[in-house]
Amino acid sequence: MKPTISIVVAIYNRKDELFELLTSLTQQTDKEFEIIIVDDGSLTDLKPTIKNFDGILDIKYFRKDNSGPGLTRNYGAAKAANEWLVFVDSDVIVEKDYIEYIKNDIITIPCDAFGGADKAHKGFNLMQKAISYSMTSVFTTGGIRGSKKAVSKFQPRSFNMGVKKEVFDKVGGFSEMRIGEDPDLSMTLWENGFTTAFFDDIAVYHKRRVDFGKFSKQVYQFGCARPILNQRHPDYVKISFAFPTLFMLGYVMGFLEYFIMGRGIILAFYGLYTFLVFFHALLLTKNISIAGMAVISTYIQMFSYGYGFLKSWILLNVLKMKPEEAFPHHYYKK
C-alpha cells in the first residue's frame, strides 16, 4: 500500500506565490494527497486564491492569529488526516512527479523524516537565480542543500520536508523558535532515535527573497539562530558552522594587513575566492549577469550570516544571556 500524504503550507500574505504553488500541485501525476493551508494572520485575503482550485485539489483552509511558521505548521499538522506530513514553503513550485517520487522514496528508503534540495526555476529573475546559487553552492555553507553527497547526516529543511505524523507528534512538532525551527526539529528527531534521509529526486523551485536587502536580513537571522541551536543540541555542533564568521573576520584582517603593513597576501586569497565563485556560477548558469550578482549575493550571505553568528555567540557565551533575552523576536509562545 502506498503511503498517504498531507501537504502542510504555513503562509503569511504571498497570495501570488500560493497561486503558483497550487497550480503546480494540480499537475501532479499522483493526485492522491490533501493540502492543509494555514493562514498565519495574513493582511491579504487568501480565500479568493484558494477558491480557484475548488473541485480540483483537496484543500482544507484554516486561519489563525499570527504566531510564526513553526506554530502555524504545528496547527496544520494537527488538522492533517494522513500518515505523512510534507511541509513546503508558500514560495516554492514543485515538479509534476513530486508526490509520486515522495511515495516511491518512502517505500524504498526507510526513514522517519526526509528532505530534498532546492533550485532555481528557469522562470526566476536574475537576482533570484543568483541568490539560489549562493544558497546551494559548494563554495558557501549552502552546499549541503543541493547534494546528498555533501552531508553524512541530512537535516531536512521546512521548505521541502516530510515527517511521519506519529513521529512528529511524539517529539512535539516544531519548537518555540521562529528562526532555525527546522534544523532544531531534525536534531530533536535524532536525539529521540529517529532517522532522516535525503531524497535526491524531489527538489523544489524556491523563490526566496527578491532583493539583496531582504536576503541579507534573512541570512543574518539564520546566523543568529545557529549558536542557539548549538546550545540546544551540543552533540551536533560542527566547526564549519563558524566558517562565515571566520570568513568575515579574515576579510577585515586582510584590509588591516594591506593598510598597516602594505601587503595584500590575505586579500589575494579573497580575490581567488571571488574568481572561483564567479566562474563556477557562470559555468552553472551560463549567464554573466547572474554570475556577477552571485558574487555579490555570496558575500552578502557570508558577511550577514557571519555577523549574526558572531553577535549571537558573544551574547550567549560571553555575556551569558539566555536566548530568549538576547533574541526575543526569535521565539513565540506555544
Side-chain angles (χ1 to χ4, degrees), residues 5-77 79-82 84-103 115-132 135-136 145 157-162 182 202-211 213-215 217-218:
I5 301 291
S6 295
I7 297 178
V8 180
V9 183
I11 185 168
Y12 179 74
N13 297 330
R14 286 184 172 178
K15 66 176 183 178
D16 293 336
E17 288 87 347
L18 178 62
F19 182 83
E20 293 177 343
L21 169 60
L22 294 178
T23 298
S24 71
L25 288 170
T26 65
Q27 300 166 3
Q28 294 300 298
T29 54
D30 185 328
K31 301 185 182 299
E32 296 299 318
F33 60 93
E34 69 170 358
I35 305 169
I36 311 295
I37 298 175
V38 186
D39 182 346
D40 190 25
S42 295
L43 303 177
T44 303
D45 187 3
L46 300 177
K47 286 184 285 186
T49 299
I50 296 170
K51 190 171 179 60
N52 289 315
F53 299 90
D54 284 352
I56 303 173
L57 293 170
D58 178 10
I59 299 177
K60 297 176 183 176
Y61 170 76
F62 303 92
R63 178 178 169 84
K64 52 180 280 300
D65 292 338
N66 182 266
S67 62
L71 184 57
T72 303
R73 295 189 194 103
N74 289 349
Y75 185 99
K79 305 295 184 180
N82 293 324
W84 280 86
L85 306 170
V86 175
F87 299 101
V88 295
D89 281 356
S90 57
D91 61 343
V92 306
I93 301 170
V94 301
E95 292 276 18
K96 64 181 180 180
D97 45 17
Y98 181 70
I99 297 295
E100 179 182 349
Y101 281 153
I102 285 178
K103 291 184 179 181
D118 59 340
K119 54 187 179 181
H121 191 273
K122 62 182 180 181
F124 287 1
N125 64 40
L126 299 184
M127 185 171 292
Q128 287 172 327
K129 291 178 179 178
I131 291 173
S132 180
M135 291 294 284
T136 58
R145 305 167 76 99
R157 299 301 174 94
S158 55
F159 62 81
N160 186 13
M161 177 184 197
D182 38 2
I202 64 162
V204 299
Y205 300 110
H206 197 183
K207 282 191 170 181
R208 306 188 186 283
R209 301 301 181 181
V210 295
D211 65 63
K214 292 178 181 178
F215 177 59
K217 182 179 179 180
Q218 183 183 47

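In what follows, residues are counted from 1 in the order of the sequence shown. Values reported hereafter were calculated over all heavy atoms of this structure, with side chains retained and with hydrogens, waters and symmetry mates removed.
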Pairing donors with acceptors under 3.5 angstrom, does anything connect the side chains of Tyr101 and Glu95?
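Note: Tyr101 and Glu95 side chains miss the donor-acceptor criterion.
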
Mind checking whether [X] and [Y] have side chains closer than 4.5 Å, heavy atoms only?
X	Y	result
Asn160	Tyr98	yes
Asp89	Ser158	yes
Lys103	Trp84	no
Ile35	Asp58	no
Val38	Val9	no
Phe159	Asp91	no
Tyr205	Val92	no
Arg63	Ser42	yes

Rounded to the nearest 0.5 Å, how far apart are [atom1] of [X] and [atom2] of [Y]?
X	Y	atom1	atom2	value
Asn74	Leu85	CG	CG	10.0 Å
Leu46	Ile50	CG	CD1	5.5 Å
Lys129	Phe124	NZ	CZ	9.0 Å
Ile59	Lys51	CD1	NZ	11.5 Å
Ile11	Ile37	CD1	CD1	7.0 Å
Leu126	Ile131	CG	CD1	11.5 Å

Determine whether a donor-acceptor pair (N or O, by modelled atom type, separation under 3.5 Å) exists between the side chain of [X] and the backbone of [Y].
X	Y	result
Lys31	Thr26	yes
Asp211	Lys214	yes
Asp40	Ser67	yes
Gln128	Asn125	yes
Ser90	Leu18	no
Thr136	Ser132	yes

Chi angles and distances behind the salt bridge (Lys or Arg N to Asp or Glu O under 4.0 Å) call for Asp39, Lys64:
CA-CA 6 Å; Asp39 182 346; Lys64 52 180 280 300; over 6 Å; no

Is it the case that more than 12 heavy atoms not belonging to [X] sit under 6.0 Å from its [atom1] atom?
X	atom1	value
Lys96	NZ	no
Glu32	CD	no
Asp54	CG	yes

Taking the six-membered ring for Trp, is the centroid-to-centroid distance between Phe19 and Phe53 below 6.0 Å?
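Aromatic pair counts; centres sit under 6.0 Å.
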
Report the C-alpha separation of Thr29 and Ile99 in whole Å, then their side-chain angles, then the decisive distance to 0.1 Å, and conclude whether the side chain to side chain contact (heavy atoms under 4.5 Å, CB included) test is met.
CA-CA 8 Å; Thr29 54; Ile99 297 295; over 6 Å; no

Walk me through it: do Val86 and Phe33 pass the test side chain to side chain contact (heavy atoms under 4.5 Å, CB included)?
CA-CA 10 Å; Val86 175; Phe33 60 93; over 6 Å; no

Please confirm whether Lys47 makes a cation-pi placement over Tyr61, using NZ or CZ under 6.0 Å from the six-membered ring centre and within 45° of the ring normal.
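No, Lys47 does not sit over the ring of Tyr61.
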
List the atom of Gly76, the atom of Val8, and the distance in Å for their closest heavy-atom pair.
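Distance-wise, the nearest heavy atoms are CA-CG1, 4.1 Å.
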
Minimal non-hydrogen separation, Ala81 against Glu34, with atom names
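Smallest interatomic distance, heavy atoms only, reads N-OE2, 2.7 Å.
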
Sort and list the pairs that fulfil salt bridge (Lys or Arg N to Asp or Glu O under 4.0 Å) and have at least one residue in residues 16-28, not counting sequence neighbours.
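Non-adjacent pairs meeting salt bridge (Lys or Arg N to Asp or Glu O under 4.0 Å): Glu20-Lys207.
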
Pair Ile5, Ile102 - check side chain to side chain contact (heavy atoms under 4.5 Å, CB included), show working.
CA-CA 9 Å; Ile5 301 291; Ile102 285 178; 3.9 Å; yes

